[in-house]
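Just below is one structure, and these are the notes that go with it.
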Amino acid sequence: MQIPPTDPIEYVGRIVSELDCSDDTTRQARQLVEAATAHGVHSGKNPVGIAASAVYAAGRLCGEHITQDDVSAAADVNNVTIRNRYREVLNAYEERENG
């Protein structure tokens, strides 16, 4: 029996590949996940949801048109999960960037 990975960053590659995201969006999504992980946002939460939210947020930050529905389908998570984790991921990133 295999145990799925618990680090959200391990899911980013699959999601961005499915959505055919730009390198900038991919890089930004990884930075968002790293910030969220450093701030403990991922603790007790679905790692796929954190990764999906980071991809959605990265797309918005990089000006790439990615909808919550697109990310939801690619990651197989609910839109509500993306919407809820999205704010948490962005807050963690802003905290890290602002010191």
Side-chain angles (χ1 to χ4, degrees):
M1 183 165 131
Q2 284 189 331
I3 299 172
T6 56
D7 188 352
I9 206 156
E10 296 183 32
Y11 294 99
V12 170
R14 178 178 58 86
I15 297 168
V16 296
S17 176
E18 175 106 12
L19 295 170
D20 197 27
C21 294
S22 69
D23 290 343
D24 288 341
T25 298
T26 301
R27 204 171 6 262
Q28 183 70 58
R30 290 184 189 284
Q31 290 174 356
L32 287 162
V33 169
E34 288 169 1
T37 303
H39 280 82
V41 170
H42 70 298
S43 183
K45 308 231 170 56
N46 180 355
V48 181
I50 298 292
S53 299
V55 170
Y56 175 68
R60 294 197 49 148
L61 290 171
C62 294
E64 194 165 338
H65 183 70
I66 302 171
T67 67
Q68 286 182 5
D69 287 337
D70 294 338
V71 177
S72 173
D76 195 27
V77 296
N78 193 299
N79 282 8
V80 175
T81 299
I82 293 171
R83 198 165 27 256
N84 291 341
R85 301 291 90 80
Y86 167 77
R87 291 182 196 102
E88 296 171 354
V89 166
L90 278 180
N91 288 340
Y93 180 73
E94 287 172 5
E95 283 181 32
R96 186 173 96 169
E97 292 299 301
N98 295 331

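Remember, predicted model here, so these are calculated numbers, not experimental data.
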Could you walk me through whether Gln28 and Tyr93 pass the side chain to side chain donor-acceptor pair (under 3.5 Å) test, one step at a time?
-> CA-CA 10 Å; Gln28 183 70 58; Tyr93 180 73; 3.3 Å; yes
Side chains of [X] and [Y] in contact at under 4.5 Å (non-hydrogen atoms):
| X | Y | answer |
| --- | --- | --- |
| Asp76 | Glu18 | no |
| Pro47 | Asp7 | no |
| Leu19 | Val55 | yes |
| Leu90 | Leu61 | yes |
| Arg27 | Arg30 | no |

To the closest 0.5 Å, what do you measure between [atom1] ([X]) and [atom2] ([Y])?
| X | Y | atom1 | atom2 | result |
| --- | --- | --- | --- | --- |
| Arg96 | Leu32 | CZ | CG | 8.5 Å |
| Tyr56 | Arg85 | OH | CZ | 15.0 Å |
| Ile66 | Ile15 | CD1 | CD1 | 10.5 Å |
| Asp69 | Ile82 | CG | CD1 | 8.5 Å |
| Gln31 | Ile9 | CD | CD1 | 9.5 Å |
| Glu34 | His39 | CD | NE2 | 13.0 Å |

Might you point out which heavy atoms bring Ala75 and Ala52 nearest each other, and give the distance in Å?
-> CB-CB, 3.7 Å
For Ala51 and Pro8, work out which heavy atoms get closest and say how close.
-> CB-O, 3.3 Å
Side-chain donor/acceptor of [X] to backbone N/O of [Y], under 3.5 Å:
| X | Y | answer |
| --- | --- | --- |
| Ser53 | Gly49 | yes |
| Glu88 | Ala36 | no |
| Asn91 | Arg87 | yes |

Scan Thr81, Asn78, Asn79 and name whichever one has a side chain to side chain donor-acceptor pair (under 3.5 Å) with Ser72.
->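 The residue from Thr81, Asn78, Asn79 that satisfies side chain to side chain donor-acceptor pair (under 3.5 Å) with Ser72 turns out to be Asn79.
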For the side-chain contact (heavy atoms from CB on, under 4.5 Å) test, which of Ile50, Thr37, Val33 pairs with Val89?
->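 Of Ile50, Thr37, Val33, side-chain contact (heavy atoms from CB on, under 4.5 Å) with Val89 is met by Ile50 alone.
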